[in-house]
Amino acid sequence: MRFSNYLKLALMCATTMPSVAFGVGIGQGGRDVLHVPMAWCALQGSPAATAPNINGDTTTDSVLWRRHERPTDNIFLPQADLTLRSAILNSWGTLSFPIINDLDTTTALVGDVRGEVNTELGTGSEFADTIISCDNAWSAIGKAGIGVTAVNVNLFHDVDGNYGTVIGGNFSGYPVGWAGCLKSTTTNICTAPYNGRIMVADNKYFYPTVPDRTLPPTPNVPAGNIQYGTDVMDILVGHETGHALGLLHRTGATNLMNPTLLGTNIGLNNSEISILRSSSLNVSGLEIDPPNQIDPGNFVGMTLVNINKVDPKFDLKRYQLLNSINAVLDKEKNIVHLSLGLRASLPKNAKDMKLFMALKSKDGKGLNADQANKQIGFPTQIAGKEEFDSFFELSLTNGKIKGTAWQLENGELLKADRIEYDLRRLIMYPVYGVVKGQKPILDRPDAPRAVYDTIVITLPAKVFGIELGKEFTVTAGVTPDRERFDILKTIKDRNILILDDPSFPHCFAQKTGRPGETVPIRLDGMLPSKPIHGLFGPDEVFKGKTDRRGEALIDFPIPKNATNGLHLVTIGIDGTALTADCVVDVNAEEKQPKTKPQICEKCKERLHLIQNQSRLIEQLGRILESRKMENRTNEDVIELIKLIKQQGKIVQNELNK
């Protein structure tokens, strides 16, 4: 069957099924839609930072927006009822994604990051420093620790400056992205709360309409005449977001998590969808979207980045340096996770280390450094002149953590219980681009990289006086011998943490949308009297303005070629990264059935499946047409036709039911 016939079949199925009521949420089977914030940074030297121009988007903010909008509309929303949104808040003075400096320009070009495969623990200093720099930039503009941190770089290179790597004499490919989350070193699984990290090559090298997608020259390829295959849906960001939310690699030509970026592999299985949704619920700043309301997620967090320049005579190793403190409140369990991040992973032969932390979370008088030192031997270098009411001392030996905590009661420090300690490691996984003209490698090893370790202290929030929206002060330090210290110092020079739900702007579709018509969308929480633009998926379809309250009621146009199913709507303030995100359910005009339709869960699930399949088929069709225009090899076209036929068979089977 030809592609056009498969598409007609899918559309017929989606538009002639009986209408159903979707329960609480508008997602599949009545699920709520989950909105995961993305805290983007652009590395100086990457095209998104220096010369943004992707498919008409000519600002850094708009280029980075589209990088999470494309996989939302093409991958996560139709399959998992999950969206990715900007983490910028309207309460901040700066409303643009940060541009950060390249901290290591000794090899390759500005904007490049060393990213060859290396599984040895303790490596990846540029990885760690770039991620920390992004967190620091978010601290400067508002607050770090919301959502998933994502960095747009130019390209990844090896130690010699080549955009590729060779393992054991065999060409292994070109890593174009890395991502992961903090894993427990005992269970090797990502743990709540999630702290996902993403680093991806600029999509200048993947988007088909960019005039010159050729890689720059390298020592191995002086002519620089290499191109990647295209990625029109930003599957690269989708794949790495999967890792940041706990997914592992899964081979297969149609799988999103295939370690090779094919430009067509968007499929998720039921297990992956379940992991994505459960992991998203553990992300700080998540929002849950039943119809016409927004519920904040269970976790709220904030990160303080250490900018202290340690005295060189101390000669401390990277794993003996403190990179940050992250605090996350679990509102349901009423517990707090305090994470002390190191700048590298601990090697197996790491010597004993001590970590000290003090916090002031209760009203009333605390103890200063001298007083705490006299009672429990707490180092005076860490506490300084401030007063604190809780103190922690941790010993780290061969990956084992022992800790002691004290709380102030009637002027005396007493040992506290009900505290847990855990060692977690940021493990990042690569994804490889396909070089134009070369056959893709579909079955690759995982090749993870250990970037840095984090010590997590979990304690009862109420006992330690930590509450939603209430300030508390924290300080910490790391030492191998109680003589040399790396002590937390932040850009604002006051180590204040506030754990509160982020106040994102919101939009709400008031009814089901139909192709070629408009749907009323209510907007609130934006800046007052500002020009706005609206996007359907990644495509701009609307211009307007907010009222004096920062609100609006928009007649939002649905494109005539819109497919059935859920679509992302993004309303943004012009010239910023401030957005309100929501979902519109598109359903073409349908004839009323002669008999009353049966309302059942299987009917609802089947309707959504058919709608999603029709969208996936259309997306594959667009890819096929673009590949033909690029004169791609016959093998590529044959593979795409196979994928389309597979999708068509699924739709046909559902229709037969």
Side-chain angles (χ1 to χ4, degrees), residues 71 74-76 79 115-117 119 155-156 163-180 200-201 203 205-206 208 213 215 226-243 246-273 275-276 427-449 616-617 619-624 626-628 630-650:
N74 291 296
I75 301 172
F76 294 121
Q79 298 182 77
E116 79 273 23
V117 176
T119 58
L155 290 164
F156 296 94
Y163 300 125
T165 185
V166 175
I167 299 178
N170 297 318
F171 180 75
S172 178
Y174 290 76
V176 294
W178 293 81
V200 288
N203 60 347
Y205 300 103
F206 305 98
R213 298 188 294 105
L215 274 63
I226 292 177
Q227 283 189 1
Y228 294 122
T230 55
D231 178 21
V232 71
M233 291 184 285
D234 239 317
I235 296 171
L236 171 57
V237 173
H239 176 101
E240 300 302 20
T241 302
H243 283 313
L247 297 187
L248 298 176
H249 280 144
R250 182 167 66 96
T251 57
T254 64
N255 300 336
L256 172 66
M257 299 314 295
N258 190 308
T260 298
L261 178 66
L262 303 173
T264 57
N265 49 313
I266 59 178
L268 295 166
N269 62 24
N270 289 335
S271 175
E272 289 169 332
I273 291 170
I275 292 171
L276 283 171
I427 303 292
M428 298 183 78
Y429 294 83
V431 62
Y432 298 87
V434 176
V435 176
K436 188 175 180 179
Q438 294 186 358
K439 189 174 181 180
I441 302 173
L442 299 181
D443 189 8
R444 293 180 181 271
D446 275 346
R449 163 173 282 189
L616 295 177
I617 291 172
Q619 291 157 7
L620 289 171
R622 289 199 299 267
I623 296 170
L624 178 57
S626 67
R627 292 277 175 118
K628 284 183 178 178
E630 294 175 14
N631 296 318
R632 298 301 297 270
T633 63
N634 289 334
E635 288 184 2
D636 288 339
V637 175
I638 292 171
E639 182 65 25
L640 284 167
I641 292 174
K642 288 180 180 178
L643 297 177
I644 292 171
K645 287 182 178 180
Q646 291 173 7
Q647 300 296 331
K649 288 179 180 178
I650 294 174

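- In this structure, His249 contributes its side chain and Asp443 its backbone to no donor-acceptor pair below 3.5 Å.
- In terms of heavy-atom proximity, Gln79 sits nearest to Leu268 at OE1-N, 3.0 Å.
- Remark: Lys436 NZ to Gln227 CD distance equals 5.0 Å, nearest 0.5 Å.
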Val176 and Tyr228: CA distance, side-chain angles, deciding distance, side-chain contact (heavy atoms from CB on, under 4.5 Å) verdict: CA-CA 10 Å; Val176 294; Tyr228 294 122; 3.5 Å; yes
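- Minimum interatomic distance between Tyr429 and Pro448 (heavy atoms only, all atoms of both residues): CE2-CB, 3.6 Å.
- Residues Phe206 and Asp234 form no side-chain contact, since every pair of their non-hydrogen atoms from C-beta on lies 4.5 Å or further apart.
- When side chains are defined from C-beta on, Val431 counts as touching Leu261, because their heavy atoms get closer than 4.5 Å.
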Leu442 and Leu262: CA distance, side-chain angles, deciding distance, side-chain contact (heavy atoms from CB on, under 4.5 Å) verdict: CA-CA 9 Å; Leu442 299 181; Leu262 303 173; 3.7 Å; yes
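- Summarising the geometry of Tyr205 relative to Arg213, their closest heavy-atom pair is O-NH1, 3.2 Å, with the distance given to 0.1 Å.
- Summarising the geometry, atom CG belonging to Leu215 is positioned 5.0 Å from atom CG belonging to Leu155; distances are rounded to the nearest 0.5 Å.
- Judged by distance alone, with hydrogens and angles left aside, the side-chain atoms of Asn258 form a donor-acceptor pair with the main-chain N or O of Gly252 at under 3.5 Å.
- Here CE of Met257 is found 7.5 Å from CG of Leu248. Values are rounded to the nearest 0.5 Å.
- Distance CG/Leu256 to NE2/His239: 7.0 Å, rounded to 0.5 Å.
- We find the CG-OG1 distance between Asn265 and Thr254 to be 8.0 Å, quoted to the nearest 0.5 Å.
- Contact check for Leu236 versus Asn203: no side-chain heavy atoms found under the 4.5 Å cut-off.
- The CG atom of Asn255 sits 7.0 Å away from the CG atom of Asn269 when rounded to the nearest 0.5 Å.
- Shortest non-hydrogen contact noted between Glu240 and Trp178 is OE2-N, 2.9 Å.
- A pairwise comparison of heavy atoms in Ala447 and Pro430 identifies O-CD, 3.1 Å as the closest pair.
- Side-chain contact between Ile266 and Met233: present, with at least one pair of heavy atoms (C-beta onward) separated by less than 4.5 Å.
- Cation-pi check for Arg444 over Tyr432 is met; the charged atom lies under 6.0 angstrom from the ring centroid and within 45 degrees of its normal.
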